[in-house]
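The structure under discussion appears below in the form of structure tokens.
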Amino acid sequence: REVYLVDYGCFLGEPCYRFPFAMALEHGRFMTDLIDEESLSFMVRLHERSAIGEETSLPDSFRCIPPDNSIEASREEAELVIFSAVDKAFAARSELNPAEDIDTLIVACSFTTLTPVFADVVVNRYKLRADVQSVNLSGMGCSGALIAIGLARNLLRVAPPGQHVLIIATEILSSMLYTGTKREMLVPNVLFRMGAAAMIMTNSPERARFRLGPIVRTLTAARDSDYRCAFQEEDDEGITGINLSKDLPVVAANALKGHITAFGPAVLPISELLRVALSIVRNRLFSAGTKEGRRYYRPSFGKVFQHFCIHPGGRRVLYEVQRGLGLSDRDMEASHMTLHRFGNMASSSLLYELGYIEAKRWMKKGDRLCMISFSPGIDCSSVVWECVKPTADTGSGPWAGCIHRYPVPLPKIVERA
Ligand SMILES: CC(C)(COP(=O)(O)OP(=O)(O)OC[C@H]1O[C@@H](n2cnc3c(N)ncnc32)[C@H](O)[C@@H]1OP(=O)(O)O)[C@@H](O)C(=O)NCCC(=O)NCCSC(=O)CC(=O)O
């Protein structure tokens with residue numbers, strides 16, 4: 001049975017949630033007992049290089065000095081972003097009523113898990129049916145949304161027609177601020193921002209906007225370098241945070257290379273696969289040089305997909321992915337602009353990127369879209385969609401008030417030695 005995306009909605013921070021850089025800097029300077037001058041100036045340098053803009057949102061808890069990292073603050077943030085995203089998804093589809101029509105609920109939130117879990121928070125708010133199958137995914141990082149789509153597909157393929165799955169992807173930041181001095185653990189403070197997305201999926205084509213294509217997931221956690229490159233831990237002072245290795249962009253790009261060998265056969269036309277196979281044979285037969293010296297044909301993903309949504313983990317991650325896949329600047333635009341306007345919102349970011357493509361009116365019937373994300377492990381996930389019905393309403397998504405200002409120019413990436 002085919003599986004479809006009916007619609008999606010994204011949390012859009014009101015201007016009151018905006019946290020411009022000057023405010024972050026001022027707060028940092030008031031919190032000398034929590035953040036020392038050197039760490040602050042490091043975060044300033046990172047921010048300047050990050051290409052993250054001035055309109056991104058942070059939770060109210062960050063407005064307190066010191067920041068409020070209580071359970072209540074996390075719950076408040078979760079309710080704000082999750083309810084807003086779900087309301088928007090259902091506002092786009094008034095014929096569906098969450099209390100009656102949702103058969104399965106999947107919530108993906110990696111770092112923060114409360115009791116009752118966020119899935120229960122949603123069941124309570126929208127009064128979902130007592131027989132709803134609910135799943136709360138934690139720890140799956142920025143691939144959470146795509147992993148949830150894979151789960152939904154597996155369920156919907158074997159379910160009776162007309163079933164609906166509600167997926168919610170978010171990251172709750174209130175308890176995530178790292179206040180130590182280890183540089184690798186300060187990086188998430190600069191990159192992550194508040195966001196959430198909700199998707200309604202079904203196994204009936206009637207109301208569908210996108211048809212789900214192949215899903216491929218690869219995990220390289222067996223390699224120590226990959227396993228360690230994004231690691232939650234305590235620093236020497238016992239302060240908890242997420243250690244993002246400086247090598248992460250390159251390690252992620254290498255993991256992606258392996259991922260592509262699994263993803264390519266699922267999506268590439270036979271002509272491209274033949275060219276890859278020929279280049280392998282040619283290299284084996286005629287290359288006298290070392291393994292590293294061999295040059296393989298890189299399949300042209302730009303010919304297969306009209307649109308790409310790549311997880312905006314950081315500007316350098318996007319740069320490495322673009323190089324690895326040979327994508328054009330236009331292919332990368334939705335990812336870079338999402339990072340600029342909204343920051344890294346973990347796995348919900350991909351839906352903001354889809355929103356960008358739709359707000360730009362690039363999406364046409366029959367177009368194919370490729371979503372790619374990474375998360376600690378390293379997990380690489382890819383999901384393909386085919387547009388069945390472009391949106392008639394390009395004016396109400398997360399980009400509604402600002403799409404006319406995008407794309408914005410970005411500073412150049414400097415090659416590292
Ligand atoms: C952070 C950046 C935006 C900085 O931009 P540039 O690379 O252009 O800048 P740059 O090289 O001049 O770096 C600026 C300064 O930061 C330092 N620096 C950069 N990255 C660092 C790191 N991970 N640890 C420690 N220091 C680091 C540099 O040495 C330099 O220090 P000095 O100034 O002293 O020389 C980029 O490096 C980036 O995108 N990195 C990837 C971030 C990442 O790991 N994202 C994944 C998030 S996890 C995710 O999204 C998935 C998930 O959670 O599931």
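Note that ligands are numbered from 1 as they come in the structure, with each ligand's atoms numbered from 1 the same way.
In this structure, R330 satisfies the cation-pi test against W362, with its NZ or CZ atom closer than 6.0 Å to the six-membered ring centre and inside 45 degrees of the ring normal.
For ligand 1 and R45, the ligand atoms under 4.0 Å from any heavy atom of the residue are 32 (P), 33 (O), 34 (O). Counting the atoms of ligand 1 from 1 in the order shown, those under 4.0 Å from a heavy atom of L244 are 22 (C), 23 (N), 24 (N), 44 (O), 47 (C), 48 (S). Close contacts of ligand 1 with V317, meaning ligand atoms under 4.0 Å from a residue heavy atom, involve 41 (C), 45 (N). Numbered from 1 in the order shown, with element, the atoms of ligand 1 that lie under 4.0 Å from a heavy atom of S245 read 23 (N). Using a 4.0 Å cut-off to heavy atoms of S375, the atoms of ligand 1 that qualify are 54 (O). In the vicinity of L191, heavy-atom distances shorter than 4.0 Å reach the ligand 1 atoms 42 (C), 43 (C), 45 (N). Applying the 4.0 Å criterion to heavy atoms of G313 picks out, from ligand 1, the atoms 45 (N), 46 (C), 47 (C), 50 (O). For ligand 1 and L248, the ligand atoms under 4.0 Å from any heavy atom of the residue are 44 (O), 46 (C).
Relative to atom 36 (C) of ligand 1, the option among R316, H47, K182 with the closest non-hydrogen atom is R316.
Contacts between V187 and ligand 1 below 4.0 angstrom, taking non-hydrogen atoms only, involve the side chain exclusively. For N344, every heavy-atom contact with ligand 1 shorter than 4.0 Å involves the side chain, none the backbone. Contacts with ligand 1 closer than 4.0 Å are made by side-chain heavy atoms of L46 only, the backbone lying farther away.
A 4.5 Å side-chain heavy-atom check between K246 and R183 finds every atom pair outside the cut-off. Put simply, the side chain of V408 does not reach to within 4.5 Å of the side chain of H336, judged on heavy atoms. Looking at heavy atoms from C-beta onward, C309 lies in side-chain contact with I357 at the 4.5 angstrom threshold.
Considering backbone and side-chain atoms alike, C142 places an N or O below 3.5 Å from some N or O of ligand 1. At least one N/O-N/O distance between H311 and ligand 1 falls below 3.5 Å. Taking distance alone, with nitrogen or oxygen atoms compared against 3.5 Å, K246 approaches ligand 1 more closely than that limit. No N or O atom of F42 sits closer than 3.5 Å to an N or O atom of ligand 1.
Aromatic ring pairs are classed by plane angle as parallel below 30°, tilted from 30° to 60° and perpendicular above 60°; the pair Y406 and Y356 is perpendicular. Between F19 and H27, the angle of the ring planes goes over 60°, which puts this pair in the perpendicular group of the 30/60° scheme.
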Mind running side-chain contact (heavy atoms from CB on, under 4.5 Å) on I215 and I149 for me, showing each step along the way? CA-CA 9 Å; I215 299 181; I149 290 170; 4.1 Å; yes
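Heavy-atom distances between P249 and ligand 1 reach below 4.0 Å in at least one pair. Distances shorter than 4.0 angstrom do not occur between any heavy atom of Y319 and any atom of ligand 1.
For residues 189-204, every residue pair satisfying the side-chain hydrogen bond (donor to acceptor under 3.5 Å, both in side chains) rule, not counting sequence neighbours, is listed here: T56-R193. Applying the ring pair (Phe, Tyr, Trp, His ring centres under 6.0 Å) test to residues at least two apart or on different chains, the pairs with a partner in residues 28-47 are F21-H47.
Note that CG of L339 and CE of M345 are 9.0 Å apart. Values are rounded to the nearest 0.5 Å.
Taking all atoms of both residues into account, the shortest heavy-atom contact from A196 to A85 is O-CB, 3.7 Å.
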